[in-house]
Amino acid sequence: MSESRDVRVRFAPSPTGPLHIGGVRTALYNYLYAKKHNGTMILRIEDTDQTRFVPGAEDYIKNSLEWLGMEIHEGPKEGGPYAPYRQSERKGMYAEYAYKLIESGYAYYAFDTPDELSEMRKRLEAGKMQAAYNSSSRTSMKNSLTLSEDEVQSRLDNGDPYVVRIKLPRKEDVRFHDEIRGWVVVNTSQMDDKVILKGDGMPTYHLANVVDDYVMKISHVIRGEEWLPSAPLHVLLYRYLGWENLMPKFAHLPLLLKPEGNGKLSKRDGDRLGFPVFPLEWTDPKTGDISSGYRESGYSAKAVLNMLALLGWHPSDNQEIFSMDELVESFTLEKVSKSGAKFDLDKAHWFNHHYLMNQPLEELLPAAKKVAEELNLKCKDQYLMSVVSLMREKVTFLKDTLRQGKYFFEDPTEYDEKVVRKKWKPETNMHLEAIALAFENLDLFDANQLEATLQHYGELQETKIGQLMQPLRVAVSGAPMGPPFYNMLALIGKETVVRRLRTACKNIVANG
Ligand code: GLU
């Protein structure tokens with residue numbers, strides 16, 4: 001392969017359900033690689049297995065990539081020079097390659113019935129041998145290697161059902177270079193004669209995938225580690241089809257692991273530990289079951305993108321915060337790790353908090369308005385942004401700024417029971433009344449004035465203001481903790497604060 005070959009990568013999901021977050025990371029690494037090398041990002045829908053097709057899955061994939069800001073240059077909706085980009089629409093194109101392989105002696109017809117196949121497996125298992133259709137077991141099966149030419153022809157003329165299998169050599173090392181793992185060597189004795197064309201004339205994944213990668217001039221196959229075992233077969237298909245000099249480079253990405261580190265991250269882990277494993281919410285069209293998504297759970301696209309990029313790839317320095325442009329700039333396959341990347345929920349929260357803190361308030365406004373509407377909180381945009389600005393320091397999700405800050409909109413209906421029990425002295429209400437009066441007389445109701453007023457009150461009364469802070473906070477907000485106290489009061493406003501202080505004095509009876 002010449003070094004000057006244009007970079008063309010593909011993300012090739014099968015539309016069998018919602019796209020797992022690991023799949024999104026595969027798409028992202030492909031995208032970053034394409035962008036970095038001024039290349040082309042292709043979306044190819046691998047839907048040859050119609051039994052596993054799930055309606056809505058393709059749109060879900062598209063929407064997920066769009067949400068995270070990955071553009072597709074060629075794909076089912078975008079079109080392109082190698083359209084169509086859905087394998088079901090290309091199905092007529094694959095069979096000729098299977099027949100070409102038969103002609104050149106690298107594949108064969110197999111007429112075995114399901115019963116005969118299962119008998120073979122049982123026999124091999126009983127003899128403690130590998131239960132596979134391979135270079136040794138194929139010699140006792142019904143295929144064009146064992147049957148006479150006439151018999152094969154008459155079966156074909158009869159329309160007897162058959163599949164086409166690749167013919168692997170008995171013992172041969174298949175070597176290929178993986179951009180992440182280095183040299184990989186697998187012996188064909190460990191492989192089997194996979195079906196490449198099915199009885200209905202449809203290709204299997206292996207044939208369709210290799211043919212399309214070749215036809216679409218794919219330069220790099222960047223995909224999950226679960227496809228590593230298929231790679232030697234793909235290498236042989238390239239070789240047998242005479243395309244070896246145009247074979248793409250392979251890069252198999254590490255798995256996304258459970259937070260504990262053993263095993264692949266699954267939907268069950270997400271349910272168990274309370275985080276989504278899908279980018280967007282998904283409703284199963286058959287069962288109606290809903291799986292949560294990062295978007296609907298309140299994560300920002302930028303945070304998810306940043307978090308995913310670092311699950312399996314390490315920049316050369318310790319930088320953690322990356323915009324898409326910075327990722328494109330820094331991304332290399334050499335810095336993708338070989339070992340699995342553990343999902344880390346705290347880190348996911350950390351990223352979300354970071355982006356929440358750093359996003360301009362105007363950009364957060366539309367989402368904040370939506371949350372306010374859901375919570376039935378009414379106010380002006382400016383006020384809403386001030387609440388978000390004051391509350392965001394303490395929370396992970398934008399929605400929590402309003403959920404935890406309802407008192408910015410409504411008088412409290414309850415007062416923190418522990419503070420009332422522990423901090424309300426017989427004289428507390430008297431102080432609160434006096435402070436309400438002092439506040440009422442203020443012309444300027446800002447944080448500085450409020451602090452000065454309270455200091456002054458403390459000095460006059462020779463009382464420790466510190467001891468009044470929590471009762472004051474609870475009287476105004478109902479909650480024992482929250483954003484900086486004086487800023488909170490200033491934002492809630494004089495009239496409301498004074499009213500709430502007086503109401504609290506009526507409602508709360510001191511202990512002892
Ligand atoms: N259709 C395969 C999948 O669902 C594609 C694997 C590959 O990228 O070769 O992931």
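FYI, side chains are in, hydrogens and waters are out, and symmetry mates aren't considered; it's all heavy atoms of this structure. Since the model is a prediction, treat every value here as computed from it, not as a measurement. Both ligands and their constituent atoms are indexed starting at 1 by order of listing.
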F11 near ligand 1 by a heavy-atom separation under 4.0 Å: no
Sub-3.5 Å N/O-N/O distance, P13 and ligand 1: no
Salt-bridge contact K35-E71 (side-chain N to carboxylate O under 4.0 Å): yes
Within 6.0 Å of NZ in K36, more than 12 heavy atoms from elsewhere: yes
side-chain hydrogen bond (donor to acceptor under 3.5 Å, both in side chains) involving D271 - partner list, sequence neighbours excluded: K267
Ring centre gap for Y355 and W350 strictly below 6.0 Å: no
Nearest-contact summary for atom 1 (N) of ligand 1 - protein heavy atom, Å: E46 OE1, 2.6 Å
Proximal ligand 1 atoms for N209, defined as those under 4.0 Å from one of its heavy atoms: 7 (C), 9 (O)
Nearest-neighbour protein heavy atom for atom 8 (O) of ligand 1, which is reported as residue plus atom name and distance: R10 NH1, 2.8 Å
Those residues that, when tested against K77, pass side-chain hydrogen bond (donor to acceptor under 3.5 Å, both in side chains) (two or more places apart): D59
Shortest protein heavy-atom distance from atom 2 (C) of ligand 1, along with the residue and atom involved: A12 O, 3.3 Å
